[in-house]
Amino acid sequence: MNRSAELGRLDRVLFPLGPDAAHLTVIVGTAGVGKTALALRWAHRTQDQFPDGQLYVNLRGYDPGTPITAEQALDRFIRALDVPPGRIPADLEAKATLYRSLLANLRVLVVLDNAESVGQVRPLIPGSDGCRVIVTSRNRLAGLMARDGAQRVIVEVLPESESVELITAITADYRAQDDPADIAELARLCACLPLALRIAAERAATRPWMPLGQLIQDLRDESGLWDALTAEDGEEADGVRAVFAWSYRALPVDAARMFRLLGLHPGPEFSVQAAAELADVTVLDARRLLDSICGVHLIEQTAPDRYEFHDLLRAYATNAAHHQDSLEEQYAALSRVLAWYLHVAHAAGTAMRTPARLLPPTALPAPSTVPGFPAYLDGARWYEAEWANLLAAVQAAEKSGLDRVSWQLALMLRPYFTRDATIADRLQVIETALGAARRDGDSVAEAEALFALGSAYSAQHRLADAVRVHREVLRLRREIDDREGELLSVNMLGVLFLMQRRFTEAIEQLESARVLSRERDDTEREATALFNLAEAYTGSRRYPEAIETATRSLLLSRELGDERRELVALVMLARAQADSAEDGREEALVSAGTALDLARARNEDRNEGWVLLEYARIQRLNGLFNDALVSCQRATTLHRALEDRAREAAALDGTGEAYQGLERAADAVPFHRRAVTIFRQLDDRWPLAVALGNLGAALAATDAAEARACRQEAYELFEGYADPQARENAARIGRLLG
């Protein structure tokens, strides 16, 4: 099946690149006709024409589950364009604006597969002369023609001759010479649709002893489940229904049951373990059954232990379950797979040892086997692999009226929030959890959901909103006498005040957190309160108290064997030692170096990069500017790979400071410029002020006017803070400005 005419039509419509070519093409055709295959084939053969890459998303517009929204697709695309999740706007219009700006000067092909509506597509159109967009859809999407200048490429069913060639190619190595008339009849019964043709041909290939005429008669007679599939009316729909039912009926009883129950899985792709829970069989049996279903092409294997449906086949499986399995059986299957996600998420989140409090997964009984996660990365990788399914499971629980399951599972996703979840995903999950908790009348869960909302606001630098929400959480937790929750809220308010450089208020909150943790004999949270308190004391220039509290946090963390807390305590100790006096700077090097060794031993790139920023600062204070350059280079590389733009910018600014220490101001300028650009994009005001001051210093000898402009802006930003360092910086720059 060469589709040469359709490929030529795409060439003529989309090339040459430039203002006269169509920027947008819609490939239209009935279900199973090969629209996706055509789009991907054209994308593959033209990849050299798009040197900046290709973006692909399956919008799942015809999937029985929830379609991918334009907002979710934008999140994926923006992340693919190297914007870290925490820096993606929550608002759809802001996302679309950022997306268009990122593609403005690039040559990129965007493939939007299985679009159901114009609304799914329009925000994803770049609008750049160098970019092209291919949309595949069963609908004609006339609005894109009228308003967006789209061209249409219609994909018809295959000619009978090509259909015969396709069947022959698949069966040639397995069957003796079949009668060409029978092959043509089989093609007609499949309505010449590639999806149906492949399934029918594969079935014929696996039954080489059965005359093709007998297989054709079986297909003609098959009608039992035709009405179970929601599809377009007409000959093509009949062909698809017949082939699906034909292949489904040929499955052994246990494989047919597995196929039906897979249609109840919340997401379109699934692991062998999730399939085992759905069907209530062992993993070994599940793998055997999945192999059987794959063998007749009713599902596809995408990785060693992962599988997915074509959307038509998923709809068929779902409706087959609705017709053949009782409501009790369907409910039991859904409950089993939701229980699996709930309890495994709890195990993965526990392994990650994040500050998020994980409530017990009591909504559903635990499955017989929950995999273990030895370390942080093991848990994080599971979340990453299952993220789309976890989001779908939260929504499935809510739609099924399982509020307790919904909020428990939603809150179980928090360990992954700060690692790689977008703000949009976080807010969607939190909104679901909050509504479900309130319907369930669980005040503890409501407070947890609000706590997560406040944390999402702080990730967006909406610090005033975060403080407001966390004050409400603290009030609610005190009302219900949740002492552990109260401790968490008091500590979080202290952290938020640290982020705002309101050190006096931070100290008040964090001292309260230390008292509460001692009252509860909660050594872990006491260690956390102490290292946060050390940072607040350092910011207030109360260095002896900072060193004392950081040292106490370090001792407690080592007693606990908690290396994550130990690492943070070491950094806070090094910071206080370095800032307290010149004679403490060598001790600071030792503390920071120990923290760095610990991060590297734990193979934690994120923590290694963070420690390197402080280590490089202390190296500069000790006059070790060449060493600081090496540390900053490594920190820049790590944070760029991690898509942490704020810390990447801090590493670039530190590089510039090291060059200035070596009296190489001209070399420092581009690093400070890049840091200023990033901090300005992130609207991160304190480090922006610092970077502007550094850029002004680097430019002073060569461009007095620009240096003065940088210093003036830095001065105004520093004036917005009241802490000692801000006042000192403002005074110093004020003197330079005269």
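- By the 4.5 Å heavy-atom criterion applied to side chains, Q428 and Q72 are counted as neighbours.
- Here the side chain of N319 pairs a donor or acceptor atom with the backbone of A315 at under 3.5 angstrom.
- In this structure the side chain of V243 never reaches within 4.5 angstrom of the side chain of R203, judged on heavy atoms.
- Looking at E386 and N389, their side chains do bring a donor and an acceptor atom within 3.5 Å of each other.
- A distance-only check finds no donor-acceptor pair linking the side chain of N139 to the backbone of L141 [under 3.5 Å].
- Remark: D605 does not engage R600 in a salt bridge, criterion side-chain N to carboxylate O under 4.0 Å.
- Considering every non-hydrogen atom in both G656 and F671, the closest pair reads N-CB, 3.9 Å.
- In terms of the side chain to side chain contact (heavy atoms under 4.5 Å, CB included) criterion, residue partners of A39 (sequence neighbours excluded) are, by chain and number, I27, V111, I134, T136.
- With a 4.5 Å cut-off on side-chain heavy atoms, L24 and V135 count as touching.
- A salt bridge links D148 and R122; the closest N-O separation between the charged side-chain nitrogens and carboxylate oxygens is under 4.0 Å.
- When the shell of 6.0 Å around CG of N603 is examined, it contains 12 or fewer heavy atoms from other residues, nucleotides or ligands.
- Side-chain atoms of E6 do not come within 3.5 Å of backbone N or O of L38 as any donor-acceptor pair.
- Nearest heavy-atom pair across A201 and T171 is O-CG2, 3.4 Å.
- Side chains of V337 and H265 form a contact here, defined as non-hydrogen atoms less than 4.5 Å apart.
- In terms of modelled atom types and a separation under 3.5 Å, the side chain of R132 and the main chain of D129 share a donor-acceptor contact.
- Checking R645 against Q681 by side-chain atom types alone, a donor-acceptor pair falls below 3.5 Å.
- The six-membered or imidazole ring of W42 lies near that of F15, with a centre-to-centre distance under 6.0 Å.
- Scanning all heavy atoms of the two residues, the minimum distance from A668 to A698 falls at CB-CB, 4.3 Å.
- In this structure, the side chain of T636 does not engage the main chain of E648 through any donor-acceptor pair within 3.5 Å.
- Counting only heavy atoms from C-beta outward, the side chains of L102 and F77 never approach each other to under 4.5 Å.
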Check your understanding: Does the pair R680 and E713 meet the rule for a salt bridge (charged side-chain N to carboxylate O under 4.0 Å, His left out), with working shown?
Key -> CA-CA 12 Å; R680 201 184 298 284; E713 186 179 356; 2.6 Å; yes

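- Across every non-hydrogen atom of A421 and W387, the tightest pair is CB-CZ2, 3.6 Å.
- Contact check for I167 versus L197: side-chain heavy atoms found under the 4.5 Å cut-off.
- The minimum heavy-atom distance between V429 and A410, with the atom names listed, is CG1-O, 3.4 Å.
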**OP:** Starting from the C-alpha separation in whole Å, work towards a yes-or-no answer on salt bridge (charged side-chain N to carboxylate O under 4.0 Å, His left out) for E116 and R60.
**Re:** CA-CA 8 Å; E116 190 272 336; R60 303 197 183 279; over 6 Å; no

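- Residue E160 qualifies as enclosed at atom CD: its count of foreign heavy atoms under 6.0 Å is above 12.
- Side chain of Q301 to backbone of R306: no donor-acceptor contact under 3.5 angstrom is found.
- A donor and an acceptor atom, one from each side chain of Y416 and T354, are nowhere located under 3.5 Å apart.
- Between E604 and R606 there is no salt bridge, since none of the side-chain N atoms of the basic residue sits less than 4.0 Å from a carboxylate O of the acidic one.
- Qualifying salt bridge (Lys or Arg N to Asp or Glu O under 4.0 Å) partners for R314, counting only residues two or more places apart in sequence or in other chains: D63.
- Y307 contributes no side-chain N or O that, together with a main-chain N or O of L290, makes up a donor-acceptor pair within less than 3.5 Å.
- For the 3.5 Å distance criterion, the side chains of N58 and D113 fail to qualify, holding no donor opposite an acceptor.
- Note on ring orientation: taking the six-membered ring where Trp is involved, the planes of Y316 and F259 are tilted (angle from 30° to 60°).
- With a 4.5 Å cut-off on side-chain heavy atoms, H672 and E657 count as touching.
- Donor-acceptor pairing under 3.5 Å is lacking for the side chains of T655 and Q633.
- Annotation: side chain of E308 is not in contact with side chain of I299 (no heavy-atom distance under 4.5 Å).
- Evaluation of the salt bridge (Lys or Arg N to Asp or Glu O under 4.0 Å) test over residues 42-52, restricted to residues two or more places apart or in two chains, returns D11-R45.
- Within the 3.5 Å criterion, the main-chain N or O of A104 finds a donor-acceptor partner in the side chain of S128.
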